[in-house]
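Below: the structure, in structure tokens.
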Amino acid sequence: MHDAGKAAARARTLGDSAVEVWPEASHASTGEFPERLAEWVHAFLEGVHAHRQG
């Protein structure tokens, strides 16, 4: 459907962004990799929190 590498490269140009391509994942990544996704989201939110704290 989409070129993941091209989409990721574009997303990385949008200021404060977090981009990770999982080539082995489908659109059902939440069911395929729930622990990995939860860890990634947690780390992202920790970074947002730390950034806002200054």
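Only a predicted model underlies this, so the values are computations on that prediction, with no experimental measurement involved. Throughout, numbering of the chain's residues begins at 1 and tracks the sequence.
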Table please: side-chain donor-acceptor pairs of residues 35-54 below 3.5 Å, with sequence neighbours left out.
| residue | atom | partner | partner atom | Å |
| --- | --- | --- | --- | --- |
| Arg36 | NH1 | Glu24 | OE2 | 2.4 |
| Trp40 | NE1 | Glu20 | OE1 | 2.5 |

Closest non-hydrogen atom pair, Ser17 against Ala11:
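For Ser17 versus Ala11, the nearest heavy atoms are OG-O, 3.1 Å.
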
By side chain to side chain donor-acceptor pair (under 3.5 Å) - contacts of [X] (at least two apart):
X     : answer
Arg12 : none
Thr30 : none
Ser26 : Glu32

Considering only Ile, Leu, Val, Met, Phe, Trp and Tyr, and joining two whenever side-chain heavy atoms are under 4.5 Å apart, list the other residues clustered with Val19.
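In the cluster with Val19 there is nothing else; it is isolated.
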
